[in-house]
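The structure appears right after this line, and notes come after that.
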4 protein chains.
Amino acid sequence: MSRKSNTEQRRSEIIAAMLIVLAEQGYERATIQAIAKQAQLTPGLIHYHFKTKAEMLMALIAELSAIFQTRYAALASTATTPNEKLLAYINARLAKGKGENPEAVAAWVIIGAEAVKQPEVRALYENAISQELGLLQELLKAHLKSKGKRIKSAPHLAAVMVATMEGVFQLASAAEAVMPKAYAAKTVIALIDRFIELEDHI
Amino acid sequence: MSRKSNTEQRRSEIIAAMLIVLAEQGYERATIQAIAKQAQLTPGLIHYHFKTKAEMLMALIAELSAIFQTRYAALASTATTPNEKLLAYINARLAKGKGENPEAVAAWVIIGAEAVKQPEVRALYENAISQELGLLQELLKAHLKSKGKRIKSAPHLAAVMVATMEGVFQLASAAEAVMPKAYAAKTVIALIDRFIELEDHI
Amino acid sequence: MSRKSNTEQRRSEIIAAMLIVLAEQGYERATIQAIAKQAQLTPGLIHYHFKTKAEMLMALIAELSAIFQTRYAALASTATTPNEKLLAYINARLAKGKGENPEAVAAWVIIGAEAVKQPEVRALYENAISQELGLLQELLKAHLKSKGKRIKSAPHLAAVMVATMEGVFQLASAAEAVMPKAYAAKTVIALIDRFIELEDHI
Amino acid sequence: MSRKSNTEQRRSEIIAAMLIVLAEQGYERATIQAIAKQAQLTPGLIHYHFKTKAEMLMALIAELSAIFQTRYAALASTATTPNEKLLAYINARLAKGKGENPEAVAAWVIIGAEAVKQPEVRALYENAISQELGLLQELLKAHLKSKGKRIKSAPHLAAVMVATMEGVFQLASAAEAVMPKAYAAKTVIALIDRFIELEDHI
DNA sequence: TATGAATGAGTTTTCATTCAT
DNA sequence: CATGAATGAAAACTCATTCAT
């Protein structure tokens, strides 16, 4: 009788360790040895569960997407109106406090830089961004409709909002000291509200 | 007779080569060898002019700041009103077309990720962000005043705008394919205009 | 099933190889490559077992101390009187023949020069010298007492004797050709004997 | 009319700088660049005056020999009896105070280690040691004769004394903290005196 | 003589990956 | 599954030496 496989458990542990090492030490220092140490595993075992380091990075991207998605799901669970859902999304991405995950944010920033020139990373990164764009666009359209506004501007507005979120992540991870405290969520909401308020009616 | 120094020239060449390699190949591949090859110099000579790779990175940050500053200076040179100056700034950072420098943008994104955990890089990055915040705040305040609006919201608005710019850089470098074309400058201007339009009077 | 560790064995092999390379080629030529070749291992493996070259040097100093200590222990094992023990010590350090280890001596000389300016090496070297001083002082005091002589001069005498031993090592390693044959042990013993003979009684 | 050659002056400056760098930083750090910096000259000029680094080392050995010789000459100038000359020699080599040159001593120790395996250095080192042996032997013989003692033991005694001096240099340079203060000259003189006192008459 | 840029071989060290146990 | 030794290629950096100026 074979031992029960613990592969999924191990893969999770490894990815969780990679997330932490990436956030705490940066990409250069995120060696297999360092990840193994963080996970209290051995380098050999890491490679038993992941053929290459690139494969680990792919898994980490999926994990980070799930982490961000989870926060939104939690906040959106009690939202009913389009406006509430939109607010839930923005707060999930930008609000300080409960559910905030600075390590995931830092890891995401580092992956974003890797996406600049690693084609495989870029593909997954683009896919994640694409989903964000799609989701946010839907939320915006629903909100616009509920306000009786035309939805034409939703794609561009969604694009700028996604950019803002990426930028907030970047600055939170690399320039926190020079940024105002808790500036992001409230201001973004105000920007969107006023933009929509002055948008043409259908 | 002593030999004439060409250090400044060489340092410029090396930093220019580093910018290109960073933008084209990412941080991992931006080895001294690769930079030397790009600059058509030998690795030994690189180290003759820069003691360490970190020193090169510092010089590159200064160079990138200068590049961005130059584009703004060019666009602002014909601006007279506060509104024109603000538009010049946003266009300098976000508009496609003349003066655009995608390689500098990509290099900046990669440096932003390095700033997450390299303290020396972070210090320079924070300084650069801090200057952007200060400049943008002044531009916003002048514009708000000229419109008879209170200026209280300028710091948070500036912070979100800087974040947006960083995010636009990130997405332009790592997810261009999934982004709408030329979405950024126009939309950002509209967001600011409407935000200010609905802002309280002094 | 876990693989059995051979770290201790490997570390010993590496240090033994380092000793030989140091003695045969000098410090400059004692590169990781050369040591690896001598040990029939790869450079990478050397660094798997020793994080840095400095760490190897530390281990070598400990090994050399043990080698010298062993020769003394062997000769002293049959000594019963203070005089015999003192003779055993001097012969252990200076006599030609059985138990002599010219490679260890040469390695020690080279380490002594490194101790001039490498603080970590110096600390261990000073510690080793300090132990030699202490041991020799005790042996001298016991001998003086057994002869009914005052022991006041023991510290200075021990210091000069330790210096002489270091010097004999140096000259045996770097100027053997111009030195008389087998001059050291016998002459040193005579010097000490006559010094003590003419020392004041208690 | 050609400029007056300053080659000798420059060579002296370079060797003086090398001595200091060697004493202050050790052999590893005594690079041409470091020596050039110490001498306030350029690396290229160093190689104009010395074809290779080895040649510099040779010149330094000669310089050190001269430095040591000079101190002896100064102390011996007022000595008339064989005993006084012997004392002058021992004090020249071992006494603290006036004319002491710890940097030269440290440099000599480092060269002694290089002599272990660099044949050219070894040749000069052996030559220097050989001269010391010869000189000391003559001084001892003259002293012995004046005391009416047989001179048979002079070679071995001289050899041990030279070893002691080398060892005192070594310990002064690498283990000063653990050695008694000013132990060497006085104790060595006592050792020799008593040895000779108990030596057979002619 | 003197400068200092340039070279290229060499150094220590790192690290993803493999593999015997 | 798990260990950890082992590899080999590549990294940053050093440095004696050369040479155009």
Side-chain angles (χ1 to χ4, degrees), chain A residues 2-7 9-10 28-36 40-56, chain B residues 1-7 9-11 28-36 40-56, chain C residues 1-7 9-11 28-36 40-56, chain D residues 2-7 9-10 28-36 40-56:
Chain A
S2 71
R3 252 186 311 184
K4 186 179 154 210
S5 166
N6 61 355
T7 291
Q9 166 68 10
R10 279 280 183 260
E28 280 188 300
R29 291 238 138 89
T31 66
I32 299 285
Q33 307 269 349
I35 294 163
Q40 292 181 282
L41 299 173
T42 57
L45 189 56
I46 304 273
H47 269 91
Y48 178 80
H49 291 290
F50 293 94
K51 207 163 163 52
T52 67
K53 200 181 172 184
E55 193 187 324
M56 293 172 63
Chain B
M1 290 311 128
S2 74
R3 185 170 174 178
K4 194 175 143 209
S5 170
N6 65 349
T7 289
Q9 166 68 10
R10 277 280 183 264
R11 284 177 64 102
E28 271 195 306
R29 296 222 125 94
T31 65
I32 303 286
Q33 287 276 353
I35 294 164
Q40 290 182 283
L41 300 172
T42 58
L45 187 56
I46 306 277
H47 274 98
Y48 178 78
H49 291 290
F50 292 94
K51 215 164 159 47
T52 65
K53 200 180 171 184
E55 194 188 324
M56 293 171 62
Chain C
M1 292 308 129
S2 76
R3 187 171 171 177
K4 193 175 143 209
S5 171
N6 64 349
T7 289
Q9 167 68 11
R10 277 280 182 265
R11 283 177 65 103
E28 272 194 306
R29 297 222 124 95
T31 64
I32 302 285
Q33 287 277 353
I35 294 163
Q40 291 183 282
L41 299 173
T42 58
L45 188 55
I46 305 277
H47 274 97
Y48 178 78
H49 290 291
F50 291 95
K51 214 164 161 45
T52 66
K53 201 180 171 184
E55 193 187 324
M56 293 171 62
Chain D
S2 72
R3 251 186 312 181
K4 186 178 152 211
S5 166
N6 60 356
T7 291
Q9 166 68 10
R10 278 280 184 264
E28 280 188 301
R29 291 238 137 90
T31 65
I32 300 285
Q33 307 269 349
I35 294 163
Q40 292 182 282
L41 298 174
T42 57
L45 190 55
I46 305 274
H47 270 91
Y48 178 81
H49 291 290
F50 293 94
K51 207 163 163 50
T52 67
K53 200 182 173 184
E55 193 188 323
M56 293 171 63

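Just so it is clear, the values below take in all heavy atoms, side chains as well, and ignore hydrogens, waters and symmetry mates. A, B, ... follow the sequence lines: proteins, then strands. Residue 1 opens every chain.
Distance from the side chain of C:Ile32 is smallest to E:dT12 among E:dA6, E:dT17, E:dT12. Listed nucleotides E:dA16, E:dT11, F:dC15 differ in distance to A:Thr31; the shortest reach to its side chain belongs to E:dA16. Considering only side-chain atoms of B:Arg3, the nucleotide from E:dT13, E:dA6, E:dT18 that sits closest is E:dA6. Out of E:dT1, E:dA16, F:dT17, the shortest distance to the side chain of D:Ser5 is found at E:dT1. Nearest to the side-chain atoms of A:Pro43 among the listed nucleotides E:dA6, E:dT12, E:dT17 stands E:dT17.
One distance of note links NE2 of B:His47 with CD of B:Glu55; it measures 9.5 Å at 0.5 Å rounding. Rounded to the nearest 0.5 angstrom, C:Ile32 CD1 and C:Thr52 OG1 are separated by 8.5 Å. A distance of 6.5 Å separates OG1 in B:Thr31 from NZ in B:Lys53, rounded to the nearest 0.5 Å. Put simply, CD on D:Gln33 and CD1 on D:Ile46 are 9.5 Å apart, with the number rounded to the nearest 0.5 Å.
B:Glu28 comes within 4.0 angstrom of nothing in the nucleic acid, heavy atoms only. Nucleic acid contact for D:Leu45: base, since at least one base atom lies under 4.0 Å from a heavy atom of the residue.
Along DNA chain E, the nucleotide nearest C:Tyr48 and the nucleotide nearest D:Leu41 are compared for position; the residue whose nucleotide lies closer to the 5' end is D:Leu41. Where A:Ala30 and D:Gly44 meet DNA chain E, the nucleotide closest to each residue was compared, and D:Gly44 sits on the side nearer the 5' end. Toward the 5′ end of DNA chain F lies the nearest nucleotide of A:Arg10, the other residue of the pair B:Lys51 and A:Arg10 mapping further downstream. Residues B:Gln33 and C:Thr7 each lie close to DNA chain F; by heavy-atom proximity, the contact nearer the 5' end of the strand is made by C:Thr7.
Taking atom CZ on A:Phe50 and atom P on E:dC15, their separation rounds to 20 Å, with Å as the unit. Protein atom CE of B:Met56 is 14 Å distant from nucleotide atom C1' of F:dA11, rounded to whole Å. Here the P atom of nucleotide E:dT1 and the CD atom of D:Gln9 are 12 Å apart, to the nearest Å. Atoms CD1 (D:Ile46) and P (F:dT18) sit 14 Å apart, rounded to a whole Å. Summarising the geometry, the separation between CD1 on A:Ile35 and P on E:dA16 is reported as 7 Å, rounded to the nearest angstrom. Computed from coordinates, the B:Gln40 CD to E:dA6 C1' distance equals 15 Å when rounded to whole Å. Between the CZ atom of D:Arg29 and the P atom of F:dA16 there is a distance of 13 Å, rounded to whole Å. Taking atom NZ of A:Lys53 as the reference point, atom P of F:dA9 lies 19 Å away to the nearest angstrom.
Not one side-chain nitrogen or oxygen of A:Thr42 sits closer than 4.0 Å to the OP1 or OP2 atom of F:dA2. A sub-4.0 Å separation between OP1 or OP2 of F:dA2 and a side-chain N or O of A:His49 is present. Of the side-chain N and O atoms in A:Thr52, none sit less than 4.0 angstrom from OP1 or OP2 of E:dA16. Listed pair B:Asn6 / F:dT21 fails the phosphate criterion, with no side-chain N or O lying under 4.0 Å from OP1 or OP2. Between E:dT14 and C:His47, no contact under 4.0 Å exists linking OP1 or OP2 to a side-chain N or O.
Summarising the geometry of C:Thr42 relative to C:Ala36, their closest heavy-atom pair is C-CB, 3.9 Å, with the distance given to 0.1 Å.
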As a quick check of understanding, evaluate side chain to side chain contact (heavy atoms under 4.5 Å, CB included) for A:Leu41 and A:His49, giving each step before the final call. CA-CA 11 Å; A:Leu41 299 173; A:His49 291 290; over 6 Å; no
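Counting only Watson-Crick and G-U wobble pairs whose two distances sit under 3.5 Å, DNA chain F takes part in these stems of three or more pairs: E:2-21 with F:2-21.
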